[in-house]
Amino acid sequence: MSMGLFGELTGVEFDDGNIVYKYSVNETYTNIETLSQNPELMKKSIEAMVKNPSKDFEEFLTLIREDKIGMTIMFLGKDSGKEAMLTLDYKELLTFMNSEASPDELLRAQIEQTNASCPMTIDASMVMTHLDIEGDYVVYYYSVDERQVSLSLLNENKEIMRESIIQTLKAQINDPMFKSFLYACSEAGKGIAYKYVGKASGDEVVVRIELSEIGYIQ
């Protein structure tokens with residue numbers, strides 16, 4: 001089952017009292033090694049899934065409550081074959097299901113998971129360094145090699161670039177991974193921004209986009 005940019009759900013099994021989810025993961029967006037070394041990050045990822053479940057996943061949560069079972073998540077890197085796995089018992093899952101996290105906390109969990117895979121090389125001139133929350137926006141930070149890309153030229157063409165980004169986001173709006181992120185942004189009342197920072201000069205070009213501009217309706 002396609003999970004969009006994230007990868008694929010390759011199977012669900014029942015083993016040793018746990019429901020086991022197996023994912024084949026696109027390592028461009030998820031660093032398997034970082035996840036395997038950071039179980040707390042994986043826990044936050046599962047917590048976000050539990051608190052914002054898809055329709056199919058919600059049915060499994062009902063079974064988990066009824067049968068008092070645990071959950072195992074297995075991530076397998078598509079390219080490296082590396083594996084990250086985490087098991088939560090029923091009591092831990094119940095805590096997630098019964099507790100209330102603020103919208104900002106759920107959004108922060110998604111940001112932390114993305115940051116675990118940074119830096120991401122976009123092309124020879126640009127690297128995405130991290131995400132952060134600043135005011136009313138979730139900000140994507142990019143380090144720009146000014147020997148190849150002029151920040152002043154980017155600034156002159158900012159509106160053209162902005163429209164291009166909007167069209168790209170519109171094309172991704174039904175991707176499960178991106179949709180989950182947009183949901184978290186919407187709940188927290190945040191738009192999306194892109195900050196391009198000159199590697200040598202430190203000069204910045206910022207593009208801000210509201211969720212309504214890409215047609216996101218919760």
Side-chain angles (χ1 to χ4, degrees), residues 1 3-78 80-120 128 130-133 138 140 175-188 190:
M1 183 187 297
M3 302 298 291
L5 295 172
F6 177 75
E8 297 173 335
L9 174 63
T10 58
V12 181
E13 301 175 359
F14 189 70
D15 181 53
D16 194 27
N18 289 320
I19 190 166
V20 182
Y21 282 83
K22 294 183 177 181
Y23 293 92
S24 177
V25 177
N26 182 348
E27 292 174 272
T28 302
Y29 302 102
T30 303
N31 189 313
I32 298 294
E33 193 168 349
T34 300
L35 285 179
S36 66
Q37 294 171 356
N38 192 340
E40 284 304 315
L41 191 59
M42 287 192 71
K43 277 189 179 183
K44 287 182 180 180
S45 175
I46 295 173
E47 183 177 5
M49 288 171 60
V50 168
K51 291 183 181 300
N52 178 30
S54 65
K55 187 175 180 181
D56 291 337
F57 189 58
E58 196 164 10
E59 292 177 6
F60 278 112
L61 292 181
T62 299
L63 295 175
I64 284 170
R65 283 184 182 275
E66 290 176 353
D67 295 338
K68 296 182 172 56
I69 58 177
M71 179 187 295
T72 297
I73 300 290
M74 295 178 65
F75 293 146
L76 185 68
K78 277 187 177 180
S80 69
K82 292 178 180 177
E83 184 180 285
M85 183 173 72
L86 180 71
T87 296
L88 298 178
D89 63 27
Y90 170 70
K91 287 183 179 180
E92 289 175 296
L93 284 173
L94 193 63
T95 298
F96 287 159
M97 288 188 277
N98 291 340
S99 64
E100 290 188 11
S102 71
D104 280 350
E105 286 174 330
L106 293 178
L107 179 58
R108 181 64 68 180
Q110 292 210 18
I111 289 172
E112 287 180 8
Q113 187 171 349
T114 301
N115 282 342
S117 298
C118 288
M120 297 183 196
M128 189 176 95
H130 66 287
L131 275 72
D132 204 352
I133 297 175
V138 177
Y140 288 78
D175 180 276
M177 181 179 176
F178 186 52
K179 204 168 186 177
S180 177
F181 172 67
L182 291 179
Y183 175 84
C185 289
S186 177
E187 286 292 292
K190 308 296 182 186

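Nothing here was measured: the structure is a model prediction, and the numbers come from that model.
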From K22 atom NZ to E8 atom CD, the distance as rounded to the nearest 0.5 Å
14.5 Å
Answer yes or no: is there a side-chain heavy-atom contact under 4.5 Å between Q110 and S180?
yes
Flag the pair V20 / M85 as yes when at least one side-chain heavy-atom distance between them is below 4.5 Å, and no otherwise.
no
Roughly how far, to the nearest 0.5 Å, is CG of D89 from NZ of K68?
13.5 Å
Looking at every heavy atom in both H130 and D132, which two are closest together, and how far apart are they?
CD2-CB, 4.3 Å
What distance separates M42 CE from L88 CG, expressed to the nearest 0.5 Å?
8.5 Å
Quick one: list whatever passes side-chain hydrogen bond (donor to acceptor under 3.5 Å, both in side chains) with K43, sequence neighbours left out.
E92
For the CD1 atom of I111 and the CD1 atom of I133, what is their distance to the nearest 0.5 Å?
4.0 Å
Roughly how far apart are L131 CG and F181 CZ, rounded to 0.5 Å?
6.0 Å
Starting from the C-alpha separation in whole Å, work towards a yes-or-no answer on side-chain contact (heavy atoms from CB on, under 4.5 Å) for N98 and R65.
CA-CA 11 Å; N98 291 340; R65 283 184 182 275; 3.3 Å; yes
If you compare all heavy atoms of A188 against all heavy atoms of D104, which two are closest, and at what distance to 0.1 Å?
CB-OD1, 3.3 Å
Checking the side chain of N26 only, and the main-chain atoms of T28 only, is there a donor and an acceptor separated by less than 3.5 Å?
yes
Considering all heavy atoms of both residues, which atom of Y90 and which atom of I64 are nearest to each other, and what is their separation?
CE1-O, 3.4 Å
Taking all non-hydrogen atoms of both residues, which atom of G70 and which atom of L93 are closest, and how far apart?
C-CD1, 3.8 Å
Taking S117 for its side chain and N31 for its backbone only, find out whether a donor-acceptor pair lies under 3.5 Å.
yes
Kindly compute the distance separating CG (L76) from CD (E27), expressed to the nearest 0.5 Å.
8.0 Å
Are any of the side-chain heavy atoms of L107 and E187 separated by less than 4.5 Å?
no
Apply side-chain hydrogen bond (donor to acceptor under 3.5 Å, both in side chains) to K78 and list each qualifying residue two or more places apart in sequence or on a separate chain.
none
Please tell me if the side chains of M128 and T114 come closer than 4.5 Å, counting only heavy atoms from C-beta onward.
yes
